[in-house]
Amino acid sequence: MLVEAIAQAQQRQMELNSVQAQLNALVVKAPYSGRVRRIRWLEQFGGQVKVEIALQVTTASPSKD
């Protein structure tokens, strides 16, 4: 039983490491310059997460990039 629990924990850790690597590779480009002030988790389903991101905008118009 303990061996199974350790194996499950190791499997979960591998899954978390995989998700962390995917998150580290994720780049989101906003149309405005600024800082992320808050991330609110709205829902999670399957392998997707829906979030609301609040920005503190430093320019009044969309960036040209």
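Treat the numbers as computed from the prediction; the structure is a model and nothing was measured.
- A heavy-atom distance below 4.5 Å is found between the side chains of Leu55 and Val36.
- Atom CD of Gln56 sits about 4.5 Å away from atom CZ of Arg37, to the nearest 0.5 Å.
- The same ILVMFWY cluster, assembled from side-chain heavy atoms under 4.5 Å apart, contains both Ile39 and Val57.
- Taking CD of Gln11 as the reference point, atom CG of Leu16 lies at 10.5 Å (rounded to 0.5 Å).
- The line from CD of Gln44 to CD of Gln48 is 10.0 Å long, rounded to the nearest 0.5 Å.
- Inter-residue side-chain proximity for Trp41 and Glu43 is flagged as unmet; no heavy-atom pair is nearer than 4.5 Å.
- Interatomic distance, CD of Gln10 versus CD of Gln13, reported as 9.5 Å (0.5 Å rounding).
- A distance of 10.5 Å separates CZ of Arg40 from NZ of Lys50, quoted to the nearest 0.5 Å.
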